[in-house]
Number of protein chains: 2
Amino acid sequence: MSDSVPDIVIGRLPLYLRALARLEQDGVPITSSHELGAQLGISSAQIRKDLSHFGEFGKQGTGYQVPYLREQLARILCVDRDWTVAVIGAGHLGRALAGYKGFGPRGFHVDVIFDNDPDIIGTQIGGLVVKPGESMVEELRARRIEIAMIAVPAAAAQSVTDRVVAGGVRAILNYAPIRLVVPDYVHVQDIDPVIHLQHMTYYLRT
Amino acid sequence: MSDSVPDIVIGRLPLYLRALARLEQDGVPITSSHELGAQLGISSAQIRKDLSHFGEFGKQGTGYQVPYLREQLARILCVDRDWTVAVIGAGHLGRALAGYKGFGPRGFHVDVIFDNDPDIIGTQIGGLVVKPGESMVEELRARRIEIAMIAVPAAAAQSVTDRVVAGGVRAILNYAPIRLVVPDYVHVQDIDPVIHLQHMTYYLRT
DNA sequence: TAGATTGTTAATCGATTAACAATC
DNA sequence: TAGATTGTTAATCGATTAACAATC
C-alpha cells in the first residue's frame with residue numbers, strides 16, 4: 001500500500017486535487033476515474049492506480065464522493081492545514097507573488113517578503129512591509145517558515161538559497177533560471193517560463 | 001535519427017541549452033556529457049542518448065564544443081530566431097511578465113499586452129500601452145503573434161484562450177489554474193505555482 | 001601510444017495500460 | 001437483478017542505464 005510512492009505519482013496528486021476542488025465548487029457530489037481522467041487528459045486506469053498507493057477511496061459501481069476524496073488527497077499532500085511562505089525578492093515577480101490571490105484559497109499565505117534594495121525596504125506590498133535581506137535568517141526562524149519562493153536575479157539566487165536554508169526552510173519554489181545547490185533534505189521545484197516557451201517553439205516550426 | 005522524438009526528450013533540451021549558455025558565458029570552450037550531466041543532475045548516458053536523436057555533435061575523446069552545441073540546440077528548438085509574444089492580463093502577474101528581464105536575452109519579446117479593465121487600458125507597462133481585450137484578435141493577427149502568455153483569472157481563461165487561438169496563436173503559456181481546451185494544433189504549457197508547492201508539502205510531513 | 005569520451009546497442013528498469021474479478 | 005465502476009494483477013510499452021567498440 002505504501003513503500004515509497006514514486007515521485008511522478010506524487011506530482012499528479014495536486015492535479016487531481018485541483019480538479020476535485022473545482023467539481024466540489026460546482027456542486028458535483030460524485031465522480032468517477034473516467035470523468036476525472038477525461039477532465040485531466042489522463043487515463044482512468046492511471047488515476048485508479050495512483051490512488052491505490054494510498055488506500056481505497058471509492059465504491060464499485062458508484063465512483064468517488066467528491067468532498068471525501070478531496071479531503072483525503074489534501075491530507076495525503078499535507079495541505080489539510082495552512083502554510084506560511086516567504087517571498088525573497090521584491091521586484092516585479094516578488095510583488096506579483098506577494099499579491100497573488102490564488103494562494104490563500106489553497107492554503108498558502110505569504111507572511112513576509114525580503115529585499116536588499118534600500119529604496120524598497122520598508123515599503124508596503126499587499127499589506128506586508130518589505131524586510132531587509134540581513135534579517136532573513138532570524139525572521140524565517142522566528143516565524144518557523146518552511147517554504148520560500150525565490151524571486152531574485154540568477155546571480156543572487158544561490159547565496160539567497162544558502163540563507164533561506166540556514167533559516168530553516170525545507171522547500172523552495174525557485175523562479176531563478178539556475179539550478180540551486182541544496183542539502184538533501186531540502187526540496188526544490190523550478191519555474192522558468194523560458195524553459196516552457198522553448199519546449200513549445202520546437203513544435204512551432206512549420 | 002529522427003522519426004518523432006519523444007516529447008520528454010524535447011522537454012530536456014531547453015535545460016541543456018540553458019546550461020550551455022551559462023558555460024559559454026563563463027568562457028568554457030569545451031564540455032562533456034559527464035560535466036553537463038553533473039551540472040544538471042542527469043546521467044551522462046541520457047544526455048548522449050537525447051542528443052543522438054538529432055545527430056552527432058561531439059568528438060570522441062574530447063567532448064563537445066560549447067558554442068557549437070549551443071547553436072545546434074538553439075536551432076533544433078527553433079530559438080535561433082526571436083519570437084514576439086503577447087501577454088493577456090495586466091494584473092500583478094501580467095505586469096511582472098511584461099517587465100521580466102529574463103525574456104529578451106533568451107529570444108522572447110513581449111510585444112503587446114491586453115486587459116479588459118477600463119482603468120488599466122491605455123496605461124503604460126514597461127514601455128507598452130495596455131490594449132483593450134476587444135482588439136485582441138485583430139492585433140494578434142496584424143502582428144503575426146504565435147505565442148501568448150495567459151495571466152487572467154481562472155474564470156476568464158477559457159474565453160481568452162478561444163480568442164488568442166482565433167488570433168492565430170499556436171502556443172500558450174497558461175498561468176491560470178485550469179486546464180484549457182484548445183484545438184490539436186495548439187500547444188499549451190501550464191504554470192501553477194500551487195501545484196509545485198503541493199508537490200513539495202507532501203515531503204514536508206516529518 | 002595511452003587516456004578519454006563519443007554514439008549506439010542491448011539490458012534493465014519502471015511506468016502505463018488492459019483486463020477482469022469483486023461488489024456496490 | 002443488470003449495469004457500472006472500483007482496486008488490482010499481469011501484460012505492454014517506453015524510458016533509462018550500462019557497456020563497449022570506435023576513434024579522437
Side-chain angles (χ1 to χ4, degrees), chain A residues 1-17 19-20 23 28-73 75-76 199 202, chain B residues 1-17 19-20 23 28-73 75-76 199 202:
Chain A
M1 181 182 138
S2 87
D3 33 335
S4 191
V5 179
D7 184 67
I8 197 164
V9 173
I10 306 303
R12 279 191 294 264
L13 299 186
L15 297 170
Y16 301 164
L17 179 58
L20 286 161
L23 286 171
V28 178
I30 288 176
T31 190
S32 66
S33 59
H34 290 87
E35 187 181 36
L36 269 178
Q39 212 156 107
L40 292 163
I42 288 177
S43 79
S44 61
Q46 179 157 86
I47 290 176
R48 294 198 303 279
K49 187 108 218 290
D50 285 352
L51 295 177
S52 76
H53 285 100
F54 303 96
E56 310 190 352
F57 305 102
K59 200 179 272 187
Q60 286 102 325
T62 308
Y64 304 92
Q65 301 276 351
V66 169
Y68 176 72
L69 184 55
R70 201 219 70 238
E71 254 172 41
Q72 293 303 307
L73 282 176
R75 179 182 55 74
I76 291 164
H199 187 154
Y202 174 82
Chain B
M1 180 184 139
S2 89
D3 34 335
S4 193
V5 178
D7 183 67
I8 197 164
V9 173
I10 306 303
R12 280 191 293 264
L13 300 186
L15 297 171
Y16 302 165
L17 179 57
L20 286 162
L23 287 172
V28 178
I30 288 178
T31 189
S32 67
S33 59
H34 290 88
E35 186 182 38
L36 267 178
Q39 211 155 110
L40 291 163
I42 287 176
S43 78
S44 62
Q46 180 156 85
I47 290 176
R48 294 198 303 279
K49 186 109 219 293
D50 285 353
L51 294 178
S52 75
H53 285 100
F54 302 97
E56 311 191 352
F57 306 102
K59 200 179 273 187
Q60 284 102 323
T62 309
Y64 304 92
Q65 302 276 351
V66 170
Y68 175 71
L69 184 55
R70 203 219 70 240
E71 253 172 42
Q72 292 304 307
L73 281 175
R75 178 183 55 76
I76 291 164
H199 188 154
Y202 174 82

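Here is the naming used below: chain letters follow the sequence lines, and residue numbers restart at 1 for every chain.
- Counting any heavy atom pair closer than 4.0 Å across all strands shown, B:Ser44 reaches no nucleic acid atom.
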Would B:Tyr16 and B:Leu69 satisfy side-chain contact (heavy atoms from CB on, under 4.5 Å), going step by step from the backbone distance to the final call? CA-CA 9 Å; B:Tyr16 302 165; B:Leu69 184 55; over 6 Å; no
B:Val5 and B:Asp50: side-chain contact (heavy atoms from CB on, under 4.5 Å), yes or no, with the steps? CA-CA 9 Å; B:Val5 178; B:Asp50 285 353; over 6 Å; no
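- With B:Leu20 as the fixed residue, the side chain to side chain contact (heavy atoms under 4.5 Å, CB included) test singles out one of B:Gln39, B:Gln72, B:Arg70: B:Arg70.
- Atom CG of residue B:Leu23 and atom OG1 of residue B:Thr31 lie 5.0 Å apart, to the nearest 0.5 angstrom.
- When Watson-Crick and G-U wobble pairs are counted only if both distances are under 3.5 Å, C:dT6 pairs with D:dA21.
- A:Tyr64 pairs in a side chain to side chain contact (heavy atoms under 4.5 Å, CB included) with only one of the listed residues (A:Lys59, A:Glu35, A:Arg48), which is A:Arg48.
- Nucleotide C:dA15 forms a Watson-Crick or G-U wobble pair with D:dT12, both donor-acceptor distances falling under 3.5 Å.
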Test side-chain contact (heavy atoms from CB on, under 4.5 Å) applied to B:Asp7 and A:His199, step by step: CA-CA 9 Å; B:Asp7 183 67; A:His199 187 154; 2.8 Å; yes
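- Sorted by residue number, the members of residues 57-65 of chain A with any non-hydrogen atom under 4.0 Å from DNA chain C read A:Lys59, A:Gln60, A:Gly61.
- Read 5' to 3', the first and last nucleotides of DNA chain C with an atom closer than 4.0 Å to a heavy atom of chain B are C:dA4 to C:dT9.
- Between B:Ile42 atom CD1 and B:Ser33 atom OG the span is 11.5 Å, to the nearest 0.5 Å.
- For the pair A:Ile76 and B:Tyr202, the tightest heavy-atom approach, listed with the atom from each and the gap, is O-CD1, 3.3 Å.
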